[in-house]
Structures are given as C-alpha cells and as structure tokens.
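As the structure lists them, so they are numbered: ligands from 1, and atoms in each ligand from 1. None of these values were measured; they are calculated from a predicted model.
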Amino acid sequence: MSDFTSSPNTSSSTTDFGYETIPTDQKTERVAAVFRSVAKKYDVMNDLMSLGWHRAWKKFTLELSHVHTGQHVLDVAGGTGDLTKAFSRRVGAEGQVILLDINEAMLNVGRDRLIDDGCIENVQLVQADAEALPFDDDQFDCITIAFGLRNVTCKENALNAFYRVLKPGGQLLILEFSQPILKPLRVLYDRYSFSVLPKLGEWIARDAASYQYLVESIRRHPNQDALKVLIQDAGFEQCAYHNLSGGIVALHRAWKF
Ligand SMILES: C[S@@+](CC[C@H](N)C(=O)[O-])C[C@H]1O[C@@H](n2cnc3c(N)ncnc32)[C@H](O)[C@@H]1O
C-alpha cells in the first residue's frame, strides 16, 4: 500500500460536520475518526441499516458502468471494497482496479476481504485523499465513489481531481444518499434515520455518535440537481442521474470528453 499524505486546497474557513459547523482543517480528521471507529463493524452495519439495499444499489452501479475486460477502474473512498471486488472480476487479469481510501482501518478490512475472496491479483490498495489523487492525468476508464463524496471536505477539489485522472472518454459514477422525491417517503425516512440508526450504531458498533454523524451528513449533502451542477462545473459532460429507492440514493453518471 502506498504511503501518501496530502494537503488539499480548501477555500472556506468553516465547513459542516453533520449539523456541526467546524473549522475546515478539522473535517478530514473528524471523518477519519468516524471510520476508524466503525471499520470492523462497517459491513454488518451497512446490511442492517440499509436492510441489504446497498447491495442492489451497488449492483445497479456495476451494471450501468458496462466496465469490461482490460479496463482500469479507480474506486475512490472504496472502504471495505464492495465495488472493487465486483470490478476486479469484471476487468480480469488484463485490467486493474485501485481501491483508494484515506483511512487505513477501512483499507485493512477491505484488503482482508479481497484476499479471502481471491480478488487481490489485479487490485492495488492506495491510502490517499480523494482531493489530491496521487496519479498522473488521463489514467482511468472509470472512477466510482460510493457513499464517499459527502465525507470529503471540499467536494469541488475531489471532482476536479477525478476529472484530471480520468481518460478522455472515461466515466464518473457517484453513488450517494440523496433526497427522497416524495414527501411522505421523506418523512418516514427521516423518522427511521434519526430514531433507529444511532440506536443500531450503539447496539452493534458501540458508537451512536458516528451514526448520528452519518444521518446528519446525508441531510447536509447536495440534493440530486445541486450535485449535478457541481459535477458539470468540474468540466464533466452529459451528466444524468438515476433515483434509486425513491431518491433515498442517487447514482450520477458523467463523462470526460
Ligand atoms: C460510507 S464509507 C463507503 C465505503 C464504500 N465505498 C461502500 O460503499 O461501502 C465512506 C468511505 O469514505 C472514506 N473517505 C472519507 N473521506 C475521504 C477522503 N477525503 N478521501 C478518500 N476517502 C475518504 C472513508 O474512510 C470511508 O471508507
């Protein structure tokens, strides 16, 4: 695993951490502490909290990508490696997948899972910040970031970095929590999120605060159309999104030409 530290260029002196406003230069460490704390229970919590739906959302991402043999894929904020594993099987021995995450604890869980599943031959693990990718320009056919972008301190920096390292003709796929389209679903989802998820976090991971952050960070994240504008502002073209599970999650896809 490469050893990489970065100092991203952030333009504002404060930012959100869930519903808290904190100095911008503290967010990366606060987010790191969340994922250090939850790493070992991350996969079981993912299944419980989403009632298994995260698997379907990731499968849809994989299918829409049409990634094929020989391609180079970068899975940013890839954590414990769900998408990396699926792409590793798709690209085969001639291709390559990079599992990139800022957090060593999450990458360690990911590495162990990939070894257990026999998917490590064409996978490289890189510890780095999404805002300062340690790669040359025009390297990847596809970049994915699943449930990662809302944790990044400056989304604009990350989107610019994705644009730089994608090959011309390459695609960016962003899978992220978003805004339910129908008001009744929004109300139900809010009740479930604020009352059930921190309790589940307490019972299973012994950490209610991290799951409170998760719930709040989803509400702070730009909605479908606002994220589309950010993606286009970074230079991407043909940006479109699919609402999944009524907009609880959205998959944005855009291209670099
Ligand atoms: C909710 S997990 C998602 C993991 C995986 N993509 C999935 O869908 O299961 C978010 C991940 O983003 C990572 N992360 C947070 N900020 C990051 C940053 N600035 N650069 C790279 N990874 C980051 C965390 O360490 C964590 O592993």
Is the ring pair Phe177/Trp57 parallel, tilted or perpendicular, if the boundaries are 30 and 60 degrees? perpendicular
In Å, rounded to the nearest 0.5 Å, how long is the span from CG of Leu230 to CG of Asp225? 11.5 Å
Is Arg219 positioned over the aromatic face of Tyr189, cation under 6.0 angstrom from the ring centre and no more than 45 degrees off axis? yes
To the closest 0.5 Å, what do you measure between CD1 (Ile98) and CG (Leu74)? 6.0 Å
Can you measure from CG (Asp82) to CZ (Phe87) and round to the nearest 0.5 angstrom? 11.5 Å
For atom 5 (C) of ligand 1, which candidate among Ala161, Gly78, Gly81 provides the closest heavy atom? Gly78
If only side-chain N and O atoms count, and only distance matters, is there a donor-acceptor pair under 3.5 Å linking Asn243 with Gln224? yes
Check each atom of ligand 1 against the heavy atoms of Met106 and keep those under 4.0 Å away; list them by number with element. 27 (O)
Just which atoms of ligand 1 are under 4.0 Å from any heavy atom in Val31? 15 (C)
Please list the nearest protein heavy atom to atom 19 (N) of ligand 1 with its residue and the distance rounded to 0.1 Å. Asp129 OD1, 2.9 Å
Nearest heavy atom to atom 9 (O) of ligand 1: which of Trp57, Tyr42, Phe147, Phe177 does it belong to? Tyr42
Near Asn46, which atoms of ligand 1 are under 4.0 Å from a heavy atom of that residue? 9 (O)
Among Leu214, Val196, Val215, Val44, which residue satisfies the side chain to side chain contact (heavy atoms under 4.5 Å, CB included) criterion with Met49? Leu214
Give the residue, atom name and distance (to 0.1 Å) of the protein heavy atom nearest atom 12 (O) of ligand 1. Ala77 CB, 3.2 Å
Among all protein non-hydrogen atoms, which one is nearest to atom 20 (N) of ligand 1, and what is the separation to 0.1 Å? Ala130 N, 2.9 Å
With a 4.0 Å cut-off on heavy atoms, does Thr144 reach ligand 1? no
Identify which one of Leu133, Leu107, Asp75 satisfies the side chain to side chain contact (heavy atoms under 4.5 Å, CB included) criterion when paired with Leu100. Leu133
For Ala32 and ligand 1, answer yes if some heavy atom of the residue is under 4.0 Å from a ligand atom, otherwise no. no
How far is atom 25 (O) of ligand 1 from its nearest protein heavy atom, and which residue and atom is that? Asp101 OD1, 2.6 Å
Among all protein heavy atoms, pick out the one at the shortest distance from atom 14 (N) of ligand 1; state its residue, atom name and that distance to 0.1 Å. Ile102 CG2, 3.8 Å
Could you establish whether His54 and ligand 1 come within less than 4.0 Å of each other, counting only heavy atoms on the residue side? no
Tell me, please: is Thr80 in heavy-atom contact with ligand 1, that is, under 4.0 Å? no
Can you list the ligand 1 atoms lying under 4.0 Å from a non-hydrogen atom of Lys58? 7 (C), 8 (O), 9 (O)
Between Phe140 and Phe135, does the ring centre distance come in under 6.0 Å? yes
